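Quick notes on the structure that follows.
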Amino acid sequence: MSKPIHVSVAWPYSNGDLHVGHLAGAYLPADIFARYHRLKGHKVLMVSGSDSHGTPILVEANKRGITARELFEQYHERFLRAQKKVGISYDLFTHTDTENHHKIAQDFFLKLLENGHLKKEKQTLLYSEAEKRFLPDRFVEGTCYICGYESARGDQCDNCGNLMETTKLIDPHNIENPDDKLIPRETEHYFLQLQQFVETLIPYLEKHKDHWRANVYNFSANFVKDLRQRPITRDIDWGIDVPLEGWGNKKMYVWFEAVMGYFTASVEWAKNVAKDENAWKEWWYNPESKIYNFIGKDNIPFHTVIWQSELLGVNGIYNDHSDAESYDADLQLPFDVPANEFMNIEGDKFSKSRNLAIWLPDILERYQADAVRYYVIRTLPETTDSDFSWQGFYERVNNELLAAWGNLVNRVLGFAYKRFDGQVPEYDELTEADQAIIAKVQAGFETIGAQIEAVKLRQALETTLLLSQDVNAWLNEREPWKVYKADKADAARSIYTALQCINTLKMLFAPFVPFSSQQVHEYLGFDGQLFGDLKIEEYAESTRNHKALVYDPSAAMGTWDAQELAQGQALRQPAPLFIKLEPEMVAEEQARLGQPRDEHPIEV
RNA sequence: GGUGAUGUAGCUCAGCUGGUUAGAGCGAUCGACUCAUAAUCGAUAGGUCGUGUGUUCAAGUCACACCAUCACCA
């Protein structure tokens, strides 16, 4: 039965290239999950986009002497290309500066206001002359007006523990710029009344406790206990307008509108891709649907509590039963939020400023997408922070992906191609051992499928690898290359069996390493594609156009189940699936870390 | 400072509601094989489960404290 599955993927902040941490934290898990469910025949909608607003983009753009929009569009374009190259199969990867996103975010704002979830409040904050903005508390330091401690933070004194009112601090200054002048100035903002949702959120969290990751649940359950109002507007030039008279110089806070992207991108997908304005409702108002949020651990409360509050606060939006596709249900809240931990680099924390990072465009220039995918998946930080090491990359790619799986394909297909006239051998009857190995590999659809559904992806890939090793072991028992000389019929049985196993393994590996699985598919003599195509499209709105990455499923024919390989099917001449890595690459790559880097154009 | 997590073989990680000699993959050592990108297969050796107390007939698995690392909030 086909189920609606929504895969909501964290929105990358568009002020620098993507790196392996992005892949490990959210994109690869989401992609594997989405590909698997598509193979299962479910209705998958996987969306994300570039987060284009907020201070860091403005600051970076100023530094480069370009506009914020120019800056984010430059990286947006690079995001599209890099993700197409590594195969992250978004149904739609758009950005937050579309008219669509702006309009819906404003509608959310107005609906929250109408429903009594927003409150206006005046406050006095410290305004930075140098930065021309109100300085967030964490950048302010001063002398504590209670105990006299000189390095009290903007909001709390670390010495006496008292909470501080920033504007009362004695001699407040900007921690990043001692010459900056800070002036108390009054401003007015809207606040989201998060505390109004506590009574709904607690049972919501409780309901999902058993299948959520422990740290996600615990963290959220604790966070929800102390919910208070949070400002959703700010004094800044770059962002989404507050849709009220007299608020023209204020914008929505980026955290408030960026999470709405899961929803707004779904609406855009319906309009631009599905060409059915209401198609998004199948995921958002359908009680059968399950929404999964793939994010990093730094974002947990936003995706387990705050986003839910926004959805609860606008419940019913766009679902006024004026069209045939309206549902008689509430706006759906996320079913699971499988947050990942962080991926370190050679034992160090990722650091953009020190260039301690493995940039996606760079690694894809030098290595196969599936090699990158394989290593990152094997090292996913699902339960704890993990470490990307080039030695590990070298070893896992050569000794596991290439040696176990690539070599299995190569040895069997090469032998079949040479000794059986380029065809799948015909056989009389398979031995018990042959039938047993086929059955064992096919059972992977159950076990690996269950692991993927539980979002235990690292384990799922290991299980798949072990199955390919089982086939290697079985092959060594059967020794078709030796048997062939005396008993060609028996070699035919075992080679047929091995090919049948490879045909199954190709599907089991497909969500993880889709490019090589497609290659195996073709070597086995099949035509057509296991998955659809990723395309970069351009969409027009009334004032400007935007580009997006779009998954076109029309060519996809892969399914998550055992398919009988036809005897006599013509094979294609095989070649090695994976490029073997040279040991020197480890030191070469390590030497690149921390060095200045150029952003090369990304060839797709 | 508060909250949540993490700390298990050389490396990367499993170990659910406490229960026989703590598991896997890689690496190492030895052996087998030669169809295959010197790939594959088998066997062996590696751990006082961060530290310290405690609960229990029994603790990697529970409690408390401490140390280290990470994230969020401040």
Side-chain angles (χ1 to χ4, degrees), chain A residues 25 136-138 152-164 210 213-228 230 295-302 304-306 339-344 347-350 375 378-389 391-420 451 456 458-459 461-466 468-485 491 494-495 498 574-582:
Chain A
D137 287 347
R138 65 178 180 278
R153 312 269 200 110
D155 39 32
Q156 187 180 19
C157 174
D158 284 340
N159 187 49
C160 66
N162 284 297
L163 295 180
M164 297 282 107
D210 290 342
R213 291 183 181 172
N215 68 325
V216 177
Y217 173 80
N218 289 336
F219 193 95
S220 309
N222 187 268
F223 185 85
V224 87
K225 282 188 223 149
D226 192 29
L227 269 188
R228 48 185 89 169
R230 230 182 139 102
I295 59 162
K297 67 172 165 181
D298 53 331
N299 259 324
I300 289 173
F302 285 97
T304 57
V305 171
I306 294 178
N340 269 0
E341 307 292 302
F342 283 0
M343 179 173 258
N344 294 321
D348 268 324
K349 262 206 292 188
F350 159 79
Y375 178 66
R378 285 290 268 147
T379 322
L380 282 179
E382 285 180 338
T383 46
T384 177
D385 288 357
S386 70
D387 192 44
F388 186 110
S389 80
Q391 183 66 32
F393 178 77
Y394 167 80
E395 288 175 359
R396 290 235 191 249
V397 170
N398 277 2
N399 300 338
E400 296 180 7
L401 181 64
L402 186 146
W405 170 230
N407 181 54
L408 173 67
V409 171
N410 198 34
R411 70 195 293 211
V412 172
L413 277 157
F415 192 86
Y417 195 79
K418 254 187 304 199
R419 303 289 181 202
F420 289 93
Q451 288 165 345
K456 295 187 172 178
R458 206 174 44 197
Q459 188 186 51
L461 182 55
E462 185 178 14
T463 308
T464 313
L465 176 77
L466 292 179
S468 70
Q469 292 180 333
D470 286 338
V471 178
N472 274 319
W474 163 86
L475 206 55
N476 279 23
E477 288 283 313
R478 295 283 272 120
E479 302 182 301
W481 52 89
K482 193 185 278 181
V483 171
Y484 175 81
K485 294 163 192 159
S494 56
I495 289 296
L577 275 184
F578 304 108
I579 298 163
K580 185 163 181 149
L581 303 176
E582 298 301 327

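This structure is a prediction, so every number in the text was calculated from the model and none was measured. The chains referred to below are lettered A, B, ... by the order of the sequence lines, with proteins before strands, and numbering in each begins at 1.
The 5' end of RNA chain B is approached more closely, in terms of each residue's nearest nucleotide, by A/S386 than by the other of A/S386 and A/P301. Position along RNA chain B of the nearest nucleotide to A/A404 versus A/G414 favours A/G414 as the more 5'-ward residue.
Base pairing of B/A74: no nucleotide in any strand meets the Watson-Crick or G-U wobble criterion (both distances under 3.5 Å). When both pairing distances are held under 3.5 Å, B/G42 makes a Watson-Crick or G-U pair with B/C30. In a base pair of the Watson-Crick type (N1 to N3 plus N6-O4 or O6-N4) or a G-U wobble (N1-O2 and O6-N3), with each distance short of 3.5 Å, B/U6 is matched with B/A68. Pairing for B/G19 is with B/C57, a Watson-Crick or G-U wobble pair whose two hydrogen-bonding atom distances lie under 3.5 Å. Base pairing analysis places B/U12 opposite B/A24; the two distances defining the Watson-Crick or G-U wobble pair are each below 3.5 Å.
Checking B/C70, B/A5, B/C72 against every side-chain atom of A/F219, the shortest atom distance belongs to B/C72.
Side-chain contact between A/L401 and A/R378 is absent, with no heavy-atom pair separated by less than 4.5 Å. Inter-residue side-chain proximity for A/M343 and A/F350 is flagged as unmet; no heavy-atom pair is nearer than 4.5 Å. A 4.5 Å side-chain heavy-atom check between A/W481 and A/L475 finds at least one atom pair inside the cut-off. In this structure the side chain of A/F415 never reaches within 4.5 angstrom of the side chain of A/P574, judged on heavy atoms. Residues A/R213 and A/N340 meet the side-chain proximity criterion, which asks for heavy atoms closer than 4.5 Å. The shortest side-chain heavy-atom distance between A/T464 and A/W405 does not fall under the 4.5 Å cut-off. Annotation: side chain of A/S220 is in contact with side chain of A/I300 (closest heavy-atom distance under 4.5 Å).
Across the C1' atoms, B/A22 and B/G46 are found 13 Å apart, a figure rounded to whole Å. Distance noted for atom C1' between B/C30 and B/A68: 39 Å (whole Å). The same atom, C1', is picked in B/C64 and in B/C73; the two are 25 Å apart, to the nearest Å. For the P atoms, the distance linking B/C70 with B/A32 amounts to 49 Å, nearest Å. Spacing between B/A9 and B/G60 at atom P, rounded to whole Å, works out to 15 Å. Only the P atoms considered, B/A63 is 15 Å distant from B/A59, to the nearest whole Å. B/G50 and B/U8 are spaced 6 Å apart, taking the P atom of each and rounding to whole Å. Distance noted for atom C1' between B/G47 and B/A24: 14 Å (whole Å).
The two residues A/S468 and A/A404 make their nearest non-hydrogen contact at OG-CB, 3.9 Å.
Here the side chain of A/R396 pairs no donor or acceptor atom with the backbone of A/Y375 at under 3.5 angstrom.
Here B/G27 presents its P atom at 12 Å from CZ of A/R378, a figure rounded to the nearest Å. Between the CD atom of A/E395 and the C1' atom of B/C26 there is a distance of 6 Å, given to the nearest Å. Atom CD of A/E462 is separated from atom P of B/A24 by 10 Å (rounded to the nearest Å). Between A/N398 atom CG and B/G27 atom P the separation is 10 Å, expressed in whole Å. When the C1' atom of B/C70 is taken as reference, atom CD of A/E382 falls 17 Å away, rounded to whole Å. Straight-line distance from the CD atom of A/Q469 to the C1' atom of B/A39: 12 Å, rounded to whole Å. Remark: P of B/U12 and CG of A/L466 are 19 Å apart, rounded to the nearest angstrom. Taking atom CE of residue A/M343 and atom C1' of nucleotide B/C70, one finds them 15 Å apart after rounding to whole Å.
A/Q391 comes within 4.0 angstrom of no nucleic acid atom, judged by non-hydrogen atoms across all strands. Residue contacts for A/S220: at a heavy-atom cut-off of 4.0 Å it reaches no nucleic acid atom on any strand shown.
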Every protein N/O within reach of nucleotides 36-38 of chain B N/O, cut-off under 3.5 Å:
| from | atom 1 | to | atom 2 | distance (Å) |
| --- | --- | --- | --- | --- |
| B/A36 | O3' | A/N410 | ND2 | 3.3 |
| B/A36 | O2' | A/N407 | OD1 | 2.7 |
| B/A36 | O2' | A/N410 | ND2 | 3.3 |
| B/A36 | N1 | A/R411 | NH2 | 3.4 |
| B/A36 | N3 | A/N407 | ND2 | 3.2 |
| B/A36 | N3 | A/R411 | NE | 3.2 |
| B/U37 | N3 | A/F578 | O | 2.6 |
| B/U37 | O4 | A/L577 | N | 2.8 |
| B/U37 | O4 | A/F578 | N | 2.7 |
| B/U37 | O4 | A/F578 | O | 3.0 |

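In this structure, the aromatic ring of A/F415 is not positioned over the six-membered ring of the base of B/C35 within 5.5 Å between centres and 30° between planes.
B/G60 shows a glycosidic angle more than 90° from 0 and is accordingly assigned anti.
Taking the six-membered ring where tryptophan is involved, the planes of A/F393 and A/F388 are essentially parallel, since the angle between them stays under 30° and well short of 60°.
One finds no side-chain N or O of A/Q459 lying less than 4.0 angstrom from the OP1 or OP2 phosphate oxygen of B/G23. Contact annotation: A/N399 reaches the phosphate of B/G27 (side-chain N/O to OP1 or OP2, under 4.0 Å). In this model, the phosphate group of B/A5 is approached by a side-chain N or O of A/N218 to a distance below 4.0 Å at OP1 or OP2.
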